[in-house]
Amino acid sequence: MLDIESSATTVNRHRRTRRRRVFTAIAGRSSCAVSAGVLLYAGFPPRSLWFLAPLGVGVLVLVIRGRSIRAAFFYGYLSGLAFFLPLLPWVGVYVGAPPWLALAAIQAIAVALFCAAAAAVSGLRFEALWIAAIWTATEGLRARIPFGGFPWGKLAFAQADGPLLSLAAFAGAPGVSFAVAVIGAALASVVRQVRSPTSRFAVGSVATVVIVPALAFALTPADDAGAARATVAVVQGNVPRSGLDFNSQRRAVLDNHIERTMQLGDDITAGRVPAPDLVIWPENASDIDPLRNADATAGIDAAARSVGVPILVGAVLGNDDGTSMNTSIVWDPVLGPGERHDKRKLVPFGEYLPMRSVMTRLSSYASQAGNFVPGSGDGVVDIAGIPTAVATCYEVAFDDLVTESVRAGAQLITVPTNNATFGRTDMTYQQLAMSRLRAVEHNRTVLVAATSGVSAVIDPQGKVADRSGLFAAQTLVADVALETRSTWATKLGPLPEYAAVVLAVVGCALAWRRQRSPADGLRPSTSGATAL
């Protein structure tokens, strides 16, 4: 009897020990998954810690390697939350926390899907290749669904200050993201090999970590001294105060931009600055519809006459059905309003509210989101004879929109933006990094015009030639290149991303075949403690 009781006690003790070990393992991996997400976040502007992005991928790959698909999905979701929650608070800064939390929770699913697929391909030959392709494919998925896509947080957008930026000219943003992910996965392989003395040294992984950045450095695009030039002016009129309520001061915002432009006109007349060929105003510079309001029309006319060149005016136009258009209008000093670009991609939870009836019940601030409708076209307008791409604010995050505009003949890229809507959050600097990547990707000068900052002049090599401060009235005047050469990225368009999707599918198919192969047998069960 005593032997039976002693045996039962021993079994119970073993069970408790096993449960503690399982709990400790889960807690440890969960902490590492969260740390990976934080590393990814810390790699993004305004911090210039671009090297943390591949480290974040590497830590995440180590966490999920050898785990079951279900466990990897769980760890991936934790990591995704740790990444997107601190990256996206600007979404809800003036409409309340629920939309921000909902968006971050949805975006984290993509990281979870990545981890589930990466766990499946772990252990295959060329593992880093498959993992990088899967990451790039999940970024492509996020850029399309839900709500028309949300590309914010692409690894490429963390590389504006890093050596991998030059790869954008050859394979676009997907190529840069792929390079970051493949380095991260290769680093994970090196760490794993070092920790396992019985394993062969990962020569290929070490080579990947060294060669990819070296190749990017060698491929840095050169400046084209023979390109045509133009003098441009970017006007940042500033706003009385930040937040959504600045719209109630829309007359003051318009007056600020008119006044700043007329000061530019005085400086031109006095010879203090060179006469520009064109002037760029930011998004929402005129929230009073200038096509319906005589006072706004007169003010913009006066500003255009003072500088004597066309102004690209960011305006909100009202539709008869109660909706609005976020528009950039070419305003000629003689002819008045002409060509226009209506914003094609709108910000969910900002310019429009998905699931409006649900969201307004969750947050009283949600009703402040706009009721805008998207436009169409190729995003190119003619300003003073210069074909100019207009990527209004959020649009600069979308690969296809900017590519379409440059393919349509744009020699200059403008990014009119209203960052006053997001206050002093990181959003301003994240968007600036995207603009720098687009400059390299398409070999074009990029002009960022913000209501309240940061406005910037970016050369085709991605360097910021001039920039404004935050919440200051400033005008940037610069001599810029008007490039016509197309990069490989412009020519290839979405093909690098499609290639990554194909590689991801091939990798997952190979993993499935390994699971089903009679020669290899089924992989060991990942139920219970092993699964976690």
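All residue numbers refer to positions in the sequence shown, counting from 1.
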Determine whether Gln107 and Leu103 make a side-chain contact, defined as any pair of heavy atoms from C-beta on separated by less than 4.5 Å.
yes

Can a donor-acceptor pair be found between the side chains of Thr327 and Asp342 at a distance below 3.5 Å?
yes

Atom pair CD1/CG of Ile458 and Leu432 - distance to nearest 0.5 Å:
5.0 Å

Any Ile134 side-chain heavy atom under 4.5 Å of Cys508 side chain
yes

Nearest heavy atoms of Leu346 and Pro374, plus distance in Å:
CD1-N, 3.5 Å

Decide salt bridge (Lys or Arg N to Asp or Glu O under 4.0 Å) for Glu139 and Arg144; before the verdict, give the C-alpha distance in whole Å, the side-chain angles of both, and the deciding distance to 0.1 Å.
CA-CA 9 Å; Glu139 283 193 344; Arg144 291 166 175 82; over 6 Å; no

Locate the shortest heavy-atom distance separating Thr417 from Pro282; write the atom from each residue and the value.
O-CB, 3.5 Å

Verify the distance criterion only: is there a donor paired with an acceptor across the side chains of Ser48 and Asp161 at less than 3.5 Å?
yes

Which label fits Tyr394 and Phe150: parallel for a plane angle under 30°, tilted from 30 to 60°, or perpendicular past 60°?
tilted

Measure the CG-CD1 distance between Leu81 and Ile109 for me, rounded to the nearest 0.5 Å.
9.5 Å

I want to check something: taking the side chain as every heavy atom from C-beta on, are Val406 and Ile413 in contact at a cut-off of under 4.5 Å?
yes

Steps toward side-chain contact (heavy atoms from CB on, under 4.5 Å) verdict (Val176, Leu165)
CA-CA 7 Å; Val176 179; Leu165 178 63; 5.9 Å; no

Nearest heavy atoms of Ala133 and Ala504, plus distance in Å
CB-N, 3.7 Å

Set of salt bridge (charged side-chain N to carboxylate O under 4.0 Å, His left out) partners for Arg65, sequence neighbours left out
Glu127

Can you find a pair of side-chain heavy atoms, one from Tyr75 and one from Arg67, that are under 4.5 Å apart?
yes

Nearest heavy atoms of Leu49 and Ala42, plus distance in Å
CB-O, 3.6 Å

Residues 441-450 side chain polar contacts: donor-acceptor under 3.5 Å, at least two apart:
residue	atom	partner	partner atom	Å
Glu441	OE1	Arg438	NH1	2.7
Glu441	OE2	Ala173	N	3.2
His442	ND1	Thr490	OG1	2.8
Asn443	ND2	Glu483	OE1	3.4
Arg444	NE	Ala410	O	2.8
Arg444	NE	Glu483	O	3.4
Arg444	NH1	His442	O	3.1
Arg444	NH1	Arg485	O	2.8
Thr445	OG1	Ala481	O	2.9

Can a donor-acceptor pair be found, under 3.5 Å and without considering hydrogens, that links the side chain of Arg514 to the backbone of Ala120?
yes

Any pair counted as ring-ring contact (aromatic ring centres under 6.0 Å, His included), so long as it reaches residues 120-141, sequence neighbours left out
Phe114-Trp135

Passing candidate, ring-ring contact (aromatic ring centres under 6.0 Å, His included) with Trp152, options Phe398, Phe84, Trp90:
Trp90

Look at the side chain of Glu395 and the backbone N and O of Val402, then say whether any donor-acceptor pair between them is shorter than 3.5 Å.
no

All pairs passing salt bridge (charged side-chain N to carboxylate O under 4.0 Å, His left out) where residues 163-181 contributes a residue, at least two apart
none

So how far is it from Thr428 OG1 to Phe422 CZ, rounded to the nearest 0.5 Å?
9.0 Å

Does some side-chain heavy atom of Phe147 sit less than 4.5 Å from a side-chain heavy atom of Ile106?
yes

Phe74/Ser30 under side-chain contact (heavy atoms from CB on, under 4.5 Å): CA gap, chis, key distance, verdict
CA-CA 9 Å; Phe74 168 74; Ser30 297; 3.8 Å; yes

With a 3.5 Å distance limit and no angle check, can you tell me whether Thr323 reaches the backbone of Asn319 through a side-chain donor-acceptor pair?
no

Evaluate Phe471 against Arg424 for side-chain contact (heavy atoms from CB on, under 4.5 Å), listing each step before the verdict.
CA-CA 9 Å; Phe471 292 99; Arg424 297 181 181 273; 3.5 Å; yes

Heavy atoms only: give me the nearest Leu40-Ala53 pair and the separation to one decimal.
CD2-O, 3.4 Å

Check: Thr392/Glu283 side-chain N/O donor and acceptor closer than 3.5 Å:
no

Strictly distance-based, threshold 3.5 Å: is any side-chain N or O of Lys345 a donor or acceptor partner for the main-chain N or O of Gly148?
yes

Checking the side chain of Gln431 only, and the main-chain atoms of Cys393 only, is there a donor and an acceptor separated by less than 3.5 Å?
yes

Donor-acceptor contacts under 3.5 Å from residues 179-187 side chains, at least two apart:
none

Main-chain N/O of Gly462 paired with Asp459 side-chain donor or acceptor, under 3.5 Å
yes

How long is the span from the OG atom in Ser79 to the OH atom in Tyr41, to the nearest 0.5 Å?
14.5 Å

Looking at side-chain heavy atoms only, is the closest gap between Arg436 and Gln159 below 4.5 Å?
no

Within-4.5 Å side-chain heavy-atom neighbours: Asp426 and Pro45:
no

Distance in Å, Lys343 NZ paired with Phe372 CZ, rounded so as to fall on 0.5 Å steps:
8.5 Å

Expected output: side-chain Gln461 to main-chain Val440 donor-acceptor under 3.5 Å:
no

Do the side chain of Tyr77 and the main chain of Ala105 share a donor and acceptor less than 3.5 angstrom apart?
yes

Step by step, would you call Asn418 with Thr451 a side chain to side chain donor-acceptor pair (under 3.5 Å)?
CA-CA 5 Å; Asn418 175 24; Thr451 48; 2.8 Å; yes

Heavy-atom side-chain proximity of Val415 to Ser435 below 4.5 angstrom
yes

Show, in sequence, the C-alpha distance, side-chain angles and deciding distance for Lys154 and Asp399, and conclude whether the side-chain contact (heavy atoms from CB on, under 4.5 Å) test is met.
CA-CA 11 Å; Lys154 284 189 175 183; Asp399 301 342; 2.8 Å; yes

CG on Leu155 to CH2 on Trp50, rounded to 0.5 Å:
13.5 Å

Please find the pair of heavy atoms, one from Gly153 and one from Leu87, that lie closest to each other, and give the distance.
CA-CD2, 3.7 Å

Using the test salt bridge (charged side-chain N to carboxylate O under 4.0 Å, His left out), find all partners of Arg407 that sit at least two apart in sequence or belong to another chain.
none

